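Every value quoted in this text rests on a predicted model; they were computed, and no experiment measured them. As a basis for the values below, the full set of heavy atoms in this structure was taken, side chains included, without hydrogen atoms, waters or symmetry mates. Protein chains get the first letters and strands the later ones, always in sequence-line order, with residue 1 at the start of each.
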Amino acid sequence: MIELNDVTKRYPGGHEAVSHLSLGIGKGELVFLTGRSGAGKSTLLKLIAAIERPTSGSAVVFGQNVGRLRRAALPYFRRNIGLIFQDHKLLYDRSVFDNAVLPLHIQGVTGQDAAKRVRAALDKVGLLKKERARPITLSGGEQQRLCIARAIVSRPQLVLADEPTANLDDAYAGEIMDMFRAFNQVGVTLLISTHDQELIRRYGGRALTLAEGKLA
Amino acid sequence: MKAWLEHHAHSLRVALGRFRDAPLAALFTVLVMGVAITLPAGLYVLMHNLQQAAGGLTPQAEVSVFFKLDATEQTARRLAAELQAQDEVAGARFVSREAALERMRGTGLGEIAASLEENPLPHAVVVTSREADPGALSALAERMRRHPEVDRVSLDSDWARRLAALLRLAGDAVWALAALLGLALAAIAGNTIRLQIYAQREEIEVARLIGATDRFIRRPFLYFGALQGLFGGLAAWLLIGLLQRLMQGSVAELAAAYGSRFQLAGLGLQEGALLLGVSALLGLAGAWFAVIHTQRALNIP
Ligand SMILES: Nc1ncnc2c1ncn2[C@@H]1O[C@H](COP(=O)(O)OP(=O)(O)O)[C@@H](O)[C@H]1O
Ligand SMILES: [Mg+2]
């Protein structure tokens, strides 16, 4: 599902965030991406979601070379990916429900169809009772769960989560990991970045460790 | 097709929601746009009225021959009869000094007439031509000018021709003004939208990153621009109606003084609809430029 071949990402200024990296992730896998801060985890996820383009090498996702995608094709490509951002990227001027429904509106699903799917997603992350609340009134863990609801509401094949358990205490982190487990069991491919080694030890599974843009 | 309609209905709802979210800013912009539209549209209405009023004037060329004050009525009548016999002349009407003074009294200038010790008006003959062509009488007018008893000859079509030329000039000026203010309008509309886009930068970025097309992001802004233009046009229509009502009374008085039943006309339904359409289009054009330019400037992947 994801094939990286000798991928390098050099940011303007010359810093190589990802350096000659190759890896493959198959359909239905749950993979952890670890490494300390600055190792290139976020950059790698952005390359896969076509938010950044490789400076050299090729990144092939769903059989498409993301470095070569035209701007007009990007939205349709991204609709197959559920993105969970390190900085949440929630919209604080609208309700929990309106945040979660955004991907559906973007794909032209509106009205009762959309409402049903949003409530199902909010139910999965335990936020059904808070659909009218503003995100700012939610706790850190709840905001993170709202991000997850928004990422899965359109039933993507692939979920990319950038440090979803950072800033959460262990109990919340555990809940969120259990949710990812559940998605994985229904066939969703997941790539989760974290610098929490303890978490990986606890949940097991395949883990890739990044150091200075290279696989260690 | 259904999905497409839903997309548009959704964009329209979002655009209307933005009016609701910032009603004061929207109202202000709409008012500014309304005034900008009212200027050329109001001038157009005024021009139209003037043309209407000028159109009521006789298209026939007229020559007024004014005699010297010491010329006798007999001389004048004789000349009138002579002129009447000419081929190009439809009618030659003798107007005596007394009749002219009487007419002056009737036109609201009575007080001036009453204050005069002596009648300053001469005998006159008003000649109308058979043809509308004002040139038809110019030879005749020239001949009259050389007549020893005649003081002054005026070709009355002169001022009508001048008025027509003036109206044409003013008409061109209205169009030039309309074009300029149209540009200003698009710029005002575009600027509001540009600010809106920057204010919603975060939302645009999130939407883009989770799979929104540029078109999806643009559409509510375009709707907003068109609606803003439409409301601006509506404001202008109302303003013109208001001005018309305010001026109606004095225009009617003026018309009555000239013995006319002339009434000030406002914008017709068709013209009004056209005004709304053009305003909406200008609002849309402004939004389009703002959106394309700002989207490029934001440079969201
Ligand atoms: N947009 C950017 N421009 C320039 N340098 C960047 C940018 N994003 C990240 N970097 C640099 O690339 C390196 C890797 O960053 P990142 O991928 O965010 O690592 P991680 O997510 O593992 O902390 C860091 O040194 C960071 O400073
Ligand atoms: Mg990071």
Side-chain angles (χ1 to χ4, degrees), chain A residues 12 45-53 66-67 69-94 98-114 135 146-147 149-156 158-160 162, chain B residues 1-26 192-193 195-224 288 291-301:
Chain A
L45 293 177
K46 283 178 186 165
L47 286 167
I48 293 169
I51 296 169
E52 296 289 353
R53 301 200 180 225
V66 294
L69 281 178
R70 286 178 307 113
R71 181 175 173 85
L74 285 178
Y76 306 98
F77 168 79
R78 287 190 186 136
R79 287 176 193 181
N80 299 311
I81 302 178
L83 281 174
I84 297 162
F85 304 96
Q86 192 166 3
D87 55 352
H88 297 178
K89 293 200 193 298
L90 293 172
L91 301 176
Y92 289 97
D93 61 347
R94 47 176 89 180
D98 287 344
N99 267 277
V101 83
L102 194 60
L104 296 179
H105 280 173
I106 282 169
Q107 298 186 30
V109 184
T110 55
Q112 282 308 308
D113 283 355
L146 177 53
C147 291
R150 185 180 63 187
I152 58 159
V153 72
S154 57
R155 301 189 192 117
L158 172 66
V159 169
L160 303 176
D162 198 358
Chain B
M1 182 66 194
K2 184 162 168 278
W4 183 84
L5 275 178
E6 268 176 14
H7 257 304
H8 279 266
H10 180 252
S11 304
L12 191 61
R13 272 198 301 275
V14 171
L16 284 169
R18 285 177 190 161
F19 274 107
R20 207 187 40 226
D21 290 346
L24 221 60
T192 329
I193 303 235
L195 293 176
Q196 230 179 48
I197 293 173
Y198 278 112
Q200 285 170 25
R201 183 200 180 115
E202 226 174 306
E203 180 174 346
I204 292 171
E205 189 187 346
V206 171
R208 180 75 194 163
L209 293 184
I210 60 183
T213 55
D214 284 332
R215 231 185 257 237
F216 176 88
I217 291 168
R218 261 178 232 153
R219 209 178 284 133
F221 293 107
L222 297 181
Y223 266 106
F224 187 92
W288 180 263
V291 165
I292 296 291
H293 176 260
T294 317
Q295 227 169 16
R296 209 169 288 154
L298 284 179
N299 192 25
I300 297 164

Next item on the list: Quick one: closest heavy-atom pair of A:P75 and B:G211, and the distance?
Entry: CB-O, 3.3 Å

Margin query: So for A:I81, is it side chain, backbone, both, or neither that comes closer than 4.5 Å to the heavy atoms of chain B?
Written below: neither

Notebook entry, point to check: So with a 6.0 Å cut-off around CZ of A:R70, is the heavy-atom count from everything else above 12?
Noted result: no

Notebook entry, point to check: Run the side chain to side chain contact (heavy atoms under 4.5 Å, CB included) check on A:D93 and B:E202 step by step: do they pass?
Noted result: CA-CA 11 Å; A:D93 61 347; B:E202 226 174 306; over 6 Å; no

Notebook entry, point to check: How far apart are the closest heavy atoms of A:L83 and B:L209, and which atoms are they?
Noted result: CD1-O, 3.4 Å

Item checked: Under 4.5 Å from a heavy atom of chain A, the part of B:R208 involved -> both

Next item on the list: Check each atom of A:F85 against the heavy atoms of chain B and say whether the ones under 4.5 Å are side chain, backbone, both or neither.
Entry: side chain

Next item on the list: Sorted by first residue and then second, give each salt bridge (charged side-chain N to carboxylate O under 4.0 Å, His left out) pair with at least one member in residues 77-90 of chain A; sequence neighbours left out.
Entry: A:D87-A:K89, A:K89-B:E205

Notebook entry, point to check: Considering residues, nucleotides and ligands other than A:R94, do more than 12 of their heavy atoms fall under 6.0 Å from its CZ?
Noted result: yes

Item checked: Choice from A:G111, A:G82, A:G108, A:A72 maximising heavy atom contacts with chain B below 4.5 Å -> A:G108

Checklist line | B:V14 side chain near A:H105 side chain, heavy-atom distance below 4.5 Å | finding: no

Item checked: NE2/B:H8: more than 12 non-hydrogen atoms of other groups inside 6.0 Å -> yes

Next item on the list: Please state whether the side chain, the backbone, both or neither of A:R53 comes within less than 4.5 Å of a heavy atom of chain B.
Entry: neither

